[in-house]
There are 4 protein chains.
Amino acid sequence: MRATTRSGPVRSEAARRAILSAAVELLAERGYDQLAIEAIASRAGVGKQTIYRWWGSKSAIIAEALLEGMILRERLDVPNTGDIRADLGAWLREIGDVLLSKQGQGLARSLIAAATDNAEVGQRLRDAIAGSGALSTRLTAAIENESRLAADAPIDEIAESLVGALLLRALSRSQLDDDAIEGLITVALGHAG
Amino acid sequence: MRATTRSGPVRSEAARRAILSAAVELLAERGYDQLAIEAIASRAGVGKQTIYRWWGSKSAIIAEALLEGMILRERLDVPNTGDIRADLGAWLREIGDVLLSKQGQGLARSLIAAATDNAEVGQRLRDAIAGSGALSTRLTAAIENESRLAADAPIDEIAESLVGALLLRALSRSQLDDDAIEGLITVALGHAG
Amino acid sequence: MRATTRSGPVRSEAARRAILSAAVELLAERGYDQLAIEAIASRAGVGKQTIYRWWGSKSAIIAEALLEGMILRERLDVPNTGDIRADLGAWLREIGDVLLSKQGQGLARSLIAAATDNAEVGQRLRDAIAGSGALSTRLTAAIENESRLAADAPIDEIAESLVGALLLRALSRSQLDDDAIEGLITVALGHAG
Amino acid sequence: MRATTRSGPVRSEAARRAILSAAVELLAERGYDQLAIEAIASRAGVGKQTIYRWWGSKSAIIAEALLEGMILRERLDVPNTGDIRADLGAWLREIGDVLLSKQGQGLARSLIAAATDNAEVGQRLRDAIAGSGALSTRLTAAIENESRLAADAPIDEIAESLVGALLLRALSRSQLDDDAIEGLITVALGHAG
DNA sequence: CTCTAATCGAGACGGTACGTCAGGTCTTTTA
DNA sequence: TAAAAGACCTGACGTACCGTCTCGATTAGAG
């Protein structure tokens with residue numbers, strides 16, 4: 001008894017990449033709501049069926065592009081100068097520029113919109129920004145080396161608070177000024193009376 | 001010199017309310033993406049044009065319903081027993097039930113989706129939960145009476161952090177368990193090492 | 001006992017004329033199918049209800065305009081030089097110019113379209129061109145004075161044939177060249193072998 | 001060097017026929033003005049886009065149905081007993097029944113209405129009744145064999161006169177009685193004094 | 001070196017919803 | 001109480017995409 005082995009051509013990597021690229025481009029240009037599968041297919045020079053064969057929805061395409069680092073790839077690292085307060089400030093400023101600036105607002109809201117109809121996008125978005133990645137690592141390091149954070153500081157919730165505040169800003173279209181950044185850091189790092 | 005007064009019939013309040021009600025019902029039933037203007041019109045027993053005459057998009061309808069308190073009306077008050085930590089815990093549990101429970105998740109994500117294409121929804125969503133309303137008031141009271149919060153605690157940012165974290169949970173479909181609630185409160189109220 | 005006299009303003013003749021004029025203008029500009037009651041009202045500076053109060057349909061407006069001679073008023077007279085053949089030729093050329101020329105085709109087809117949904121328009125169109133008016137009169141005169149037509153020539157049917165042929169040309173968008181005019185006259189005036 | 005052949009699915013003949021049939025049915029039931037593309041699509045069990053993909057207007061559908069002989073197929077032949085006068089009488093009576101009778105009036109006016117916004121319908125309508133088809137043929141035969149028509153009788157204009165008269169009758173909703181038929185035949189076949 | 005099966009680009013198909021236009025009715029204000 | 005203005009419900013318009021389904025051509029193991 002043998003496993004029946006498939007014959008015929010194999011999935012085209014070129015098509016896959018073209019689709020992801022087209023999707024990312026169009027997401028930036030038009031926003032998630034205006035992003036049409038037909039437009040992706042056309043831009044990628046691909047038949048619609050090739051998309052439907054491999055992805056179940058447009059949010060799944062975005063999820064995969066996110067996973068491949070084709071969106072939000074750079075500038076999400078938290079610096080580590082030894083001063084957690086300064087580092088968080090720099091990071092918030094950086095990420096605020098990317099996500100909340102005039103040009104970037106669309107992107108942030110597009111990703112949020114994608115997350116609303118695909119759990120995986122939500123997860124990956126969270127991971128990409130707050131996740132096991134850079135932010136948590138930096139906070140952990142701060143506990144050990146900087147004694148500014150209590151040893152039992154709730155790292156996950158700190159990260160969530162920061163990222164959640166960013167999300168809320170993106171939704172309400174408000175910029176992140178210096179005072180707000182200061183305030184958020186104060187909350188994150190503790191401010192008991 | 002008088003202002004020229006328009007003659008002719010006046011906007012129908014009955015139609016306006018029927019539209020808002022239908023929109024709220026359908027939002028809960030189907031979610032924002034599946035919410036069709038035609039369905040609202042049909043459920044409200046109204047012509048589509050009557051909707052387009054007064055609102056520019058479906059998100060504008062949601063924004064108005066939010067303003068009228070037709071969504072998220074109840075259970076958003078923060079209790080005041082004199083113990084801010086306990087009160088915040090109760091409030092988070094309550095609101096977590098509304099927004100993150102099986103039935104409620106749709107609502108939270110629907111509101112977020114609506115916010116992604118309408119700044120006003122974003123603003124009002126923020127106000128409705130974190131706004132000048134209950135949460136800030138309770139935190140201010142805590143500063144004065146409970147000496148758990150420093151006098152200069154950044155109240156707005158605390159509220160933003162809490163609400164943002166809730167929305168982030170809604171996006172990534174994670175429940176709010178007791179540990180998470182504890183963590184969030186610790187962040188909110190300060191936990192310096 | 002007195003007759004109860006109606007109070008209040010009486011039908012506005014100004015409005016009536018404005019409506020007919022606007023209808024005639026728009027009929028010429030846009031054609032019957034594109035002729036909208038709302039456009040007539042707007043152009044006439046009149047409320048829609050003022051139209052619906054007095055007319056049952058847009059074709060009824062056209063019928064009245066036709067009756068008032070606001071359409072097809074001029075150039076429909078048949079000349080009478082004593083030579084019926086020459087006179088019919090001149091008349092056909094004239095009317096052919098009005099109804100079948102580039103600019104006029106629309107008018108002819110518009111009137112035909114109006115006739116398809118209003119019997120009165122059909123009747124009046126026929127009367128206006130072939131009717132008790134000029135054409136029949138001229139043919140009758142020809143019988144008496146020119147002995148080219150038999151005394152019992154079926155005048156009504158001759159007129160019908162000529163006008164019908166013109167309308168048929170309008171429908172099939174064919175011009176009326178000299179040969180066709182000759183042929184029609186030959187048919188009209190008799191040509192037995 | 002070969003012509004590049006399109007790949008992909010091919011036009012559905014079933015859909016095409018269903019659309020034409022539905023259109024013809026609805027034309028008879030409701031008349032041209034009340035004929036809605038949506039109703040055709042629905043009756044044919046077809047998406048609207050499938051109609052718009054292949055036809056530019058509802059009149060184009062009627063034009064094609066006319067070309068396919070789905071309308072006015074039967075009973076338009078002119079009999080040939082050797083007596084042109086009798087034959088034309090029979091034909092006029094026949095066609096008058098079809099087009100001008102209570103049931104048929106709608107059809108005649110519907111076709112005329114279709115012709116007013118589509119040149120092709122006008123042409124085909126003319127061809128179907130007066131065209132190179134039966135009527136002209138019969139008249140030509142009469143010239144050769146019956147010596148009732150002069151050799152140079154203007155056949156096209158005779159046909160036009162007859163059909164035009166029918167058109168005018170249809171527009172003015174008047175029946176075609178025996179006297180009128182006699183008169184028209186007299187005009188058609190010549191009656192010089 | 002064929003045969004077979006799956007992939008690909010293309011795009012037609014039955015649908016749903018869009019946002020707009022106009023129809024005919026009803027309501028309000030002004031004259 | 002007619003007339004202007006215009007809101008209302010209805011229904012159809014023509015368009016954009018949806019997700020499914022053919023097509024014909026191409027391509028890579030299996031026999």
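Chain A is the first sequence line, chain B the second, and so forth, proteins listed ahead of strands; every chain is numbered from 1. Only a predicted model underlies this, so the values are computations on that prediction, with no experimental measurement involved.
Closest non-hydrogen pair, A:Gly31 versus A:Ser110, comes out as CA-OG, 3.2 Å.
OP1 or OP2 of E:dG9 has not a single side-chain nitrogen or oxygen of D:Ser7 nearer than 4.0 Å. OP1 or OP2 of E:dT7 has not a single side-chain nitrogen or oxygen of A:Thr50 nearer than 4.0 Å. When the side-chain nitrogen and oxygen atoms of C:Trp54 are compared with OP1 and OP2 of F:dA3, one or more of them lie within a distance under 4.0 Å. Close to F:dC8, at under 4.0 Å from its OP1 or OP2, lies a side-chain N or O of B:Arg53.
Summary of the strand contacts: D:Gly45 and C:Gly56 both lie near DNA chain E, and taking for each the nucleotide with the nearest heavy atom, the more 5' one is attributed to D:Gly45. Along DNA chain F, the nucleotide nearest B:Arg16 and the nucleotide nearest B:Gly8 are compared for position; the residue whose nucleotide lies closer to the 5' end is B:Gly8. Where A:Gly47 and D:Ala15 each meet DNA chain E at their nearest nucleotide, the meeting point lying more 5' is that of A:Gly47.
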Pair D:Ile19, D:Trp55 - check side-chain contact (heavy atoms from CB on, under 4.5 Å), show working. CA-CA 11 Å; D:Ile19 289 164; D:Trp55 290 277; 3.6 Å; yes

Checking side chain to side chain donor-acceptor pair (under 3.5 Å) for the pair B:Asp117/B:Tyr32: CA distance, chi angles, key distance, verdict? CA-CA 11 Å; B:Asp117 61 45; B:Tyr32 184 75; 3.0 Å; yes

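One atom, OH of A:Tyr52, and another, P of F:dC17, lie 12 Å apart when rounded to the nearest Å. When rounded to the nearest whole Å, the span between CG of A:Asp33 and C1' of F:dA16 equals 15 Å. Atoms CD1 (A:Ile61) and C1' (F:dC17) sit 14 Å apart, rounded to a whole Å. Rounding to whole angstrom units, CG of residue C:Leu26 and C1' of E:dA22 are separated by 14 Å. In this structure, CD1 of D:Ile51 is placed 13 Å from C1' of F:dA12, rounded to the nearest angstrom. Residue A:Glu38 contributes atom CD, which lies 13 Å from atom P of F:dT20 at whole-angstrom precision. Taking atom CZ of A:Arg11 as the reference point, atom C1' of E:dA5 lies 18 Å away to the nearest angstrom. One interatomic measurement links the two molecules: CD1 of A:Ile37 to P of F:dC17, which rounds to 12 Å at whole-angstrom precision.
Each of F:dA5, F:dT15, E:dG24 was ranked by its minimum atom distance to the side chain of C:Gln49; first place goes to F:dA5. Closest approach to the C:Lys48 side chain among E:dC13, E:dA17, E:dT25 is made by E:dT25 (side chain taken as heavy atoms from C-beta onward).
Counting non-hydrogen atoms of neighbouring residues, nucleotides and ligands closer than 6.0 angstrom, the CZ atom of C:Arg53 exceeds 12 such neighbours. More than 12 heavy atoms of other shown residues, nucleotides or ligands fall within 6.0 angstrom of atom CZ in A:Arg11.
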